[in-house]
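Before any comments, here is the structure.
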Amino acid sequence: VNQVPNENYMMVEYADLSVTAGVLGGALLDNLPESKIRLVPREYEKGNYLVVRVNGDSMNDGTLRALIDGDEILIQEYFLNNGDKLPIRNNLFVIVSNEGSVIKQIIEHNTIENTITCHSFNPLYQDFKLNLDDVFQIFVYKKIIRRKPLYWH
């Protein structure tokens with residue numbers, strides 16, 4: 001094996017979505033315990049990144065696109081300026097609101113009503129609208145960092 005140069009990786013804060021309420025991220029990485037940091041490949045543009053753990057089955061439809069309970073995913077903070085439309089095509093989003101934190105596909109962004117329509121991959125969950133006035137932060141899903149094995153043999 002050969003060591004990969006450190007500049008090819010970045011330290012990213014880790015947060016458990018199942019226990020997070022309010023604003024995500026923002027802590028100084030140097031002050032976090034080792035268990036709250038993940039080392040991930042530096043393959044994306046500069047920005048505010050966070051690793052979060054997915055909780056629940058709302059994004060699991062049994063297909064290859066599914067996000068399953070326990071997946072750790074890399075997300076990047078997205079700053080929405082007034083009048084801008086979210087890049088909803090081919091993206092998933094972590095939405096932090098006064099209702100809590102969720103990962104969803106956004107199927108509609110209505111700039112007139114200032115709402116988004118959130119969709120789960122799992123058909124057991126209904127779509128819902130969320131007013132952007134109630135949203136603190138939006139993150140764009142980048143990739144799965146760690147997947148918990150489904151079965152141990």
Side-chain angles (χ1 to χ4, degrees), residues 6-33 35-61 63-123 125-148:
N6 287 342
E7 61 267 10
N8 292 350
Y9 289 89
M10 59 185 179
M11 301 294 278
V12 178
E13 180 181 351
Y14 169 79
D16 186 340
L17 273 183
S18 64
V19 297
T20 302
V23 178
L24 293 177
L28 295 174
L29 292 178
D30 295 339
N31 297 337
L32 292 172
S35 63
K36 295 289 185 180
I37 295 176
R38 295 292 189 264
L39 190 64
V40 298
R42 187 182 304 275
E43 59 189 278
Y44 297 104
E45 66 276 1
K46 291 188 179 206
N48 297 330
Y49 290 91
L50 192 62
V51 174
V52 294
R53 188 176 71 77
V54 175
N55 183 43
D57 66 349
S58 72
M59 295 307 285
N60 186 356
D61 60 358
T63 67
L64 292 175
R65 71 178 182 168
L67 294 175
I68 60 174
D69 184 57
D71 280 352
E72 291 183 8
I73 60 173
L74 179 67
I75 57 177
Q76 179 185 19
E77 190 169 16
Y78 185 85
F79 296 98
L80 185 63
N81 298 313
N82 285 338
D84 286 355
K85 290 275 266 187
L86 283 166
I88 63 174
R89 187 177 174 92
N90 299 322
N91 280 317
L92 296 178
F93 297 88
V94 171
I95 304 150
V96 183
S97 72
N98 54 12
E99 299 284 323
S101 303
V102 295
I103 181 161
K104 296 293 174 204
Q105 178 182 31
I106 296 175
I107 57 174
E108 181 188 16
H109 177 193
N110 186 324
T111 55
I112 295 169
E113 293 179 10
N114 202 32
T115 60
I116 53 176
T117 303
C118 300
H119 175 74
S120 299
F121 289 163
N122 187 330
Y125 296 87
Q126 292 189 0
D127 294 349
F128 62 91
K129 281 193 177 189
L130 189 60
N131 191 305
L132 286 172
D133 292 335
D134 298 331
V135 173
F136 304 126
Q137 284 176 298
I138 296 175
F139 293 83
V140 178
Y141 162 78
K142 293 297 187 179
K143 71 177 195 173
I144 296 172
I145 297 295
R146 185 179 303 169
R147 174 156 275 178
K148 179 175 64 174

Any side-chain heavy atom of [X] sitting closer than 4.5 Å to one from [Y]?
| X | Y | answer |
| --- | --- | --- |
| D134 | E99 | no |
| N48 | F139 | no |
| F121 | T63 | no |

Measuring from atom [atom1] of [X] to atom [atom2] of [Y], what distance do you get when rounded to the nearest 0.5 angstrom?
| X | Y | atom1 | atom2 | result |
| --- | --- | --- | --- | --- |
| Q105 | M59 | CD | CE | 6.5 Å |
| I103 | L67 | CD1 | CG | 5.0 Å |
| D127 | I106 | CG | CD1 | 11.5 Å |
| T111 | I116 | OG1 | CD1 | 13.0 Å |
| L130 | N114 | CG | CG | 10.0 Å |
| I73 | I144 | CD1 | CD1 | 8.0 Å |

_Between S120 and N122, do the side chains contain a donor N or O and an acceptor N or O under 3.5 Å apart?_
no
For N60 and D69, which I'm curious about, is there any donor-acceptor pair between the side chains at under 3.5 Å?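 Their side chains do not contain a donor-acceptor pair, so the 3.5 Å distance test is not met.
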Contacts of E113 meeting salt bridge (Lys or Arg N to Asp or Glu O under 4.0 Å) (sequence neighbours excluded), chain-then-number -> K129
Shortest non-hydrogen pair, I112 vs N110, comes out as N-OD1, 2.9 Å
Closest non-hydrogen atoms of Q76 and K142, given as atom of the first, atom of the second and distance, are OE1-CE, 3.1 Å
Residue pair C118, V102: steps toward the side chain to side chain contact (heavy atoms under 4.5 Å, CB included) verdict: CA-CA 10 Å; C118 300; V102 295; 5.5 Å; no
Determine all donor-acceptor pairs shorter than 3.5 Å in which one atom belongs to a side chain in residues 85-95; sequence neighbours excluded.
{"residue": "K85", "atom": "NZ", "partner": "H109", "partner atom": "O", "Å": "2.6"}
{"residue": "N91", "atom": "ND2", "partner": "P87", "partner atom": "O", "Å": "2.7"}

